[in-house]
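All values below were derived from every heavy atom in this structure, side-chain atoms included, with hydrogens, water molecules and symmetry-related copies excluded. In this chain, numbering begins with 1 at the start of the sequence shown.
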Amino acid sequence: QVQLVESGGGLVQAGASLRLSCAASGRTLSTAVMGWFRRAPGKEREFVAAITWNGRSTSYVESVKDRFTISRDNAQNTVYLQMSSLKPEDTAVYYCAANSRRQWGSLTQTMGTNYDYWGQGTQVTVSS
């Protein structure tokens, strides 16, 4: 059984930075596509970023490009989301997810239905 545990969320002011971590246990996910999604109050879940198993390719939703960076450390079975220049509209619960089928391209990495393991989420609140 795979468990994904997010950490690093919190309450910050606009313009601040946060780094989210997602630690996997129970099975190595070094070959999986890993993604971050978020759900804001009253809104549907939204794709944020994804990274291939070897870290060579990344994908971001337009609204976070140049502000967020996804990375991974396969030796530590951990994925990170470095968030900078945070805005109030980034307020959401952030979820880490793993796609063990390694789907990538044609926007497959942005589709939550392609991910088979999910964390419980970590709250990020950005005040203005």
**Message:** Around atom CH2 of W53, are there more than 12 heavy atoms from other residues, nucleotides or ligands closer than 6.0 Å?
**Reply:** no

Could you grab the distance from atom [atom1] of [X] to atom [atom2] of [Y], nearest 0.5 Å is fine?
| X | Y | atom1 | atom2 | result |
| --- | --- | --- | --- | --- |
| F68 | D66 | CZ | CG | 11.5 Å |
| L81 | E6 | CG | CD | 11.0 Å |
| W36 | T122 | CH2 | OG1 | 7.5 Å |
| I51 | S71 | CD1 | OG | 6.0 Å |
| L11 | Q123 | CG | CD | 9.5 Å |
| R38 | E44 | CZ | CD | 14.0 Å |

When you measure from the side chain of [X] to the backbone of [Y], do you find a donor-acceptor pair of N or O atoms at a distance under 3.5 Å?
| X | Y | result |
| --- | --- | --- |
| R67 | Q82 | no |
| N74 | N77 | no |
| D73 | V79 | no |
| R102 | T31 | yes |

Is it true that [X] and [Y] fall in one hydrophobic cluster, defined by side-chain heavy atoms closer than 4.5 Å?
| X | Y | value |
| --- | --- | --- |
| V33 | Y117 | yes |
| V93 | M83 | yes |
| M34 | F47 | yes |
| Y95 | Y80 | no |

For S128 and A14, the nearest pair of non-hydrogen atoms, with its separation, is CA-CB, 4.4 Å

Heavy-atom nearest pair, L29 first then A98, reads CD1-CB, 3.7 Å

Checklist entry - Are side-chain N/O atoms of S59 and Q109 paired as donor and acceptor at under 3.5 Å? => result yes

Checklist entry - So, E89 versus T91: side-chain donor-acceptor pair below 3.5 Å or not? => result no

Exercise for review: Find out whether S100 and R27 are in side-chain contact, i.e. whether some heavy atom of one side chain is under 4.5 Å from a heavy atom of the other.
Suggested key: yes

Practice problem: Indicate the ring-plane relationship of Y115 and F37, choosing parallel, tilted or perpendicular according to the 30° and 60° boundaries. | Solution: perpendicular

- Chi angles and distances behind the side-chain hydrogen bond (donor to acceptor under 3.5 Å, both in side chains) call for T108, N114: CA-CA 7 Å; T108 56; N114 287 335; 4.8 Å; no

